[in-house]
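To start, the structure itself, in structure tokens.
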Amino acid sequence: MKRMWMAFLSIVIIVLISVPGVREIGFSPASAQSRALAPAPGLIEEENAAAEAAIPSTSSAQHHIVKTASDSTLPPAAKATSLEKESGPQAILAASSSRQASTPSAEPKKEKVVYLTFDDGPSKLTDEILAILEEQKIKATFFVLGEHAQKSPEIIYRMAEAGHVIGNHTYNHKYSELYESFTAFWNQIKRTEEILREITSTRTSLVRAPGGTYGHFDSTYFQLMEQGGYRVFDWNVDSGDSKRKGVPASEIIENVTSEKLEKEMIVLMHDSAGHEESVKALPKIIDFYKQNGYSFEVLSPEQKPVQFSLSKKMTDRAAPAESWIENHVLPNAALFGPGQPLYVEAGGVQTKLAAGEYKVDQGQLIVPLRTTLERLGAEVSWNAGSRNVIVVWGELHLTLDPERGTARREDTEVPVEIGTDRFRSQGGSLWMSLRSLLELTDHPIISVTNTAEERRVQSL
Ligand SMILES: [Zn+2]
């Protein structure tokens with residue numbers, strides 16, 4: 001009897017131990033697959049397809065872990081990556097429902113929130129604002145101009161390092177260009193986005209329209225920006241610091257403090273040249289919100305943006321062609337959608353393609369040829385006469401002819417037939433399977449990994 005009892009107990013113990021383990025296996029990104037040394041042709045493709053199927057939606061529980069950590073401890077770069085992962089519809093839902101639920105953290109969530117936003121920078125004044133914010137231990141959101149960011153990348157870098165959030169305020173702020181057609185607006189957003197990504201290694205989906213959306217955005221602008229994965233933020237407190245030149249600090253403070261207090265205040269200020277008075281007013285504005293029990297936060301793509309209503313007088317400008325939208329706006333949304341980044345290691349260099357910067361088609365990883373190679377350190381040029389792509393990477397000198405489907409190395413006379421189907425043209429750029437690209441450039445693949453967090457291709 002005693003023996004039976006012992007046997008029963010041990011079964012119970014085994015069950016108790018093994019059940020969570022089993023669950024864990026099912027839960028964890030068990031689909032992580034890696035294979036050592038040159039896989040047979042077609043193998044990578046199959047692996048990716050299998051892994052794709054195995055992780056239908058990267059577990060939201062895991063996202064929450066990432067999110068919690070990113071809120072407090074991670075550097076700006078890591079923070080943005082986790083936001084990137086979270087900004088899908090599912091994640092937004094999860095994020096907003098967790099916001100409603102009681103927060104398990106020790107510090108109770110403050111009810112009243114103020115978002116300080118600074119537009120048109122960076123300029124020499126930005127560092128003064130950064131110093132005030134640091135002293136007061138608060139974070140703000142900066143909607144910067146690509147033109148200015150290009151001239152002062154070090155200030156953008158300092159902003160990101162200090163944990164402030166950087167948004168996109170177009171390249172040159174010129175209404176006549178920006179509000180003439182949506183494509184012009186879009187091009188400036190993309191141009192600025194790339195400049196900021198170069199500096200901070202992250203991609204911002206936060207946008208503020210120069211002058212605000214009212215009277216500038218028609219329904220196409222609103223709709224396509226949303227479709228493209230962007231969050232366009234207006235404001236509900238205008239500090240009035242750019243109503244005319246040299247608005248005195250006292251007037252700026254008066255404008256801000258006379259506004260009716262709401263639970264959520266988005267304050268518009270400017271940090272471009274000539275706004276010394278805004279800098280002067282800032283400490284008083286911060287004091288005012290502190291005294292009224294506000295906490296200071298940064299704008300996030302997960303929150304519902306404050307937007308002005310569509311102006312009734314606004315006449316719709318011609319919308320871009322369907323084909324343009326398909327080539328530009330729709331694939332862009334994936335940049336901010338859920339999905340893993342793709343890390344490529346080749347020749348001792350690692351680069352990252354964000355979700356949306358690469359595609360998975362029938363299990364194959366398809367990458368933009370030029371972007372991928374350049375980030376890995378190769379030089380890529382286009383010979384318009386011969387319609388060839390020239391790749392120079394270390395010792396390698398390779399000429400690709402997408403129309404004939406050939407590749408020719410400098411050390412050989414005869415081009416090798418690789419097939420036109422290896423190349424794809426999309427959105428005005430040339431794409432290729434990553435596998436083909438690495439093989440053609442003498443970087444054979446040694447392993448392919450696919451987890452819920454990332455895809456990784458390692459090559460020699
Ligand atoms: Zn502006």
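Fair warning: this is a prediction, and the values are worked out from it, not measured in the lab. Whatever order the structure lists them in is the order used to number ligands and atoms, beginning at 1.
- With respect to Tyr294, the side-chain contact (heavy atoms from CB on, under 4.5 Å) criterion is satisfied by exactly one of Glu264, Lys112, Lys263: Lys112.
- Looking only at distances, a side-chain donor or acceptor of Thr192 sits under 3.5 Å from a matching main-chain atom of Tyr171.
- More than 12 heavy atoms of other residues, nucleotides or ligands lie within 6.0 Å of OH in Tyr175, so this atom counts as buried by the packing criterion.
- Here the side chain of Arg424 pairs no donor or acceptor atom with the backbone of Leu430 at under 3.5 angstrom.
- Using modelled atom types, no side-chain atom of Ser152 and backbone atom of Ala149 make a donor-acceptor pair closer than 3.5 Å.
- Applying the salt bridge (Lys or Arg N to Asp or Glu O under 4.0 Å) definition to pairs two or more places apart or across chains, those involving residues 371-390 are Glu357-Arg375, Arg370-Glu374, Arg387-Glu403.
- Neighbouring protein atoms of the Zn ion (ligand 1) (N, O or S, distance under 2.8 Å, waters ignored): Asp120 OD1, His169 NE2, His173 NE2.
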